[in-house]
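Before any comments, here is the structure.
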Amino acid sequence: MLRYLSSRLAGMLVVLAIVAVLVFILTRAASGDPVSVLLGDQATAADIARVQKEYGLDKPLPVQFGYWLREVLQGNLGQSIFLQRPVTQALMERAEPTTLLALMAVAIAALIGLPCGIVSAVFRGRMVDQVFTGIAMLGASIPSFWLGIVLIQFFAVSLGWFPVSGYGAPDAPLAERLHALVLPATVLGLLNSALIIRFTRASMLDVLGEDYVRTARSKGLSEGTVVLKHALRNALVPIVTVLGLTIALMIGGAVVTETVFGLPGVGNLVVNAVLRRDYPVIQGALLVIAAIYVLINFSIDLLYAVVDPRVKI
């Protein structure tokens with residue numbers, strides 16, 4: 001176990017190092033200059049040079065990367081050029097909406113995807129299977145921004161059940177904030193449930209054809225016991241994998257969804273940082289998101305041994 005954890009930790013550090021290099025290179029390769037955006041069109045060359053020196057943007061790129069990497073290793077993601085505060089603080093201020101949105105969306109996706117996938121596999125080739133398979137294909141094809149606009153028009157504008165955008169006042173109760181997240185979480189949950197339906201169906205079909213499932217049925221066990229206790233339990237490994245991937249996908253999907261619904265989350269922060277060329281925010285946010293991806297994958301590997309004792313780590 002210790003050897004496995006050490007190897008995985010080393011692999012995680014290598015991945016994050018590669019991500020740090022790529023993020024730094026890509027942000028600098030993008031057209032535009034944060035200082036020019038900050039000072040505006042009326043700024044003089046002297047003003048631009050002064051601000052570039054203040055933020056260390058006048059130094060060679062390898063030197064800039066070395067300074068940034070040194071700060072990251074000390075737990076400091078840098079200072080936002082536009083927000084005038086630490087990137088870590090800016091991310092923490094935006095973390096709550098994104099976290100709650102991701103958790104609600106995962107719950108919706110799982111509540112839809114798992115039962116539909118199981119039923120689709122049990123009734124393979126029948127009408128219900130075709131319906132759920134069609135829903136999965138439709139969910140994988142619909143753009144999130146389009147679905148978000150449709151839901152806003154129907155449930156927010158026409159019916160008035162939910163707010164059109166926003167997350168409530170800073171001192172708003174949690175219930176009000178969760179109410180504002182229902183529509184964006186539904187968008188992410190519906191679209192990502194398509195992936196869970198397909199994986200659950202495929203995994204269940206593989207298991208339902210095994211000899212031990214036929215043996216359980218021959219013993220006179222009810223179909224519900226056979227499906228849930230014997231088949232589903234042995235099909236959980238790929239299902240756990242897709243659930244973990246779904247959580248990771250929620251982070252990327254939050255960028256578009258938060259923009260459509262005007263949520264003050266991490267996704268919205270990243271979009272604004274890209275438009276402003278706020279290098280520290282872009283680099284810090286993407287590095288944190290990559291770290292979350294890596295940790296999710298690591299957690300999935302550890303869950304394998306819990307879900308299926310036959311898996312050795």
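Heavy atoms only: backbone and side chains are in, while hydrogens, waters and symmetry mates are out. Predicted model, so just to flag it, every value in this text is computed and none were measured.
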Check: F199 main-chain N/O paired with S203 side-chain donor or acceptor under 3.5 Å: no
Gap separating the CD atom of Q153 from the CG atom of L159, nearest 0.5 angstrom: 10.0 Å
Side chain proximity check, V157 to I152, heavy atoms < 4.5 angstrom: yes
Side-chain (T98) to main-chain (V266) donor-acceptor, under 3.5 angstrom: yes
ILVMFWY network linking M92 to L287, side-chain heavy atoms under 4.5 angstrom: no
Minimal non-hydrogen separation, L188 against A105, with atom names: CB-CB, 3.6 Å
Side-chain touch M12/L295, heavy atoms, less than 4.5 angstrom: yes
Mutual orientation of the aromatic rings belonging to W161 and F155 [parallel < 30°, tilted 30-60°, perpendicular > 60°]: tilted
Passing option when F261 is tested against L183, L101, I149 for side-chain contact (heavy atoms from CB on, under 4.5 Å): L183
Stepwise side chain to side chain contact (heavy atoms under 4.5 Å, CB included) test for V87 and Q283: CA-CA 9 Å; V87 175; Q283 294 167 183; over 6 Å; no
Heavy-atom side-chain proximity of M204 to V227 below 4.5 angstrom: yes
T186 OG1 to L181 CG distance, which is reported to the nearest 0.5 Å: 10.0 Å
Which atom of L147 lies closest to which atom of I142, heavy atoms considered: CB-CG2, 3.9 Å
Heavy-atom side-chain contact between P163 and H179 under 4.5 Å: yes
I135 side chain near C116 side chain, heavy-atom distance below 4.5 Å: no
M137 with L190, same ILVMFWY side-chain cluster at under 4.5 Å: no
Heavy-atom neighbours of F162 CZ exceed 12 at 6.0 Å: yes
E96 and Y167: CA distance, side-chain angles, deciding distance, side chain to side chain donor-acceptor pair (under 3.5 Å) verdict: CA-CA 10 Å; E96 181 184 295; Y167 184 59; 2.7 Å; yes
Whether over 12 other heavy atoms sit under 6.0 Å from R124 CZ: no
Hphob cluster co-occupancy, L178 + V182, side-chain heavy atoms under 4.5 angstrom: yes
N76 (side chain) donor-acceptor with E71 (main chain) under 3.5 angstrom: no
Shortest non-hydrogen contact from G189 toward I108: CA-CG2, 4.0 Å
For the student: nearest non-hydrogen atoms of P264 and P97, plus distance: O-CG, 3.6 Å
Criterion side chain to side chain donor-acceptor pair (under 3.5 Å) on N192 and T246, from CA distance to verdict: CA-CA 7 Å; N192 286 280; T246 301; 5.3 Å; no
Side-chain touch L100/L174, heavy atoms, less than 4.5 angstrom: yes
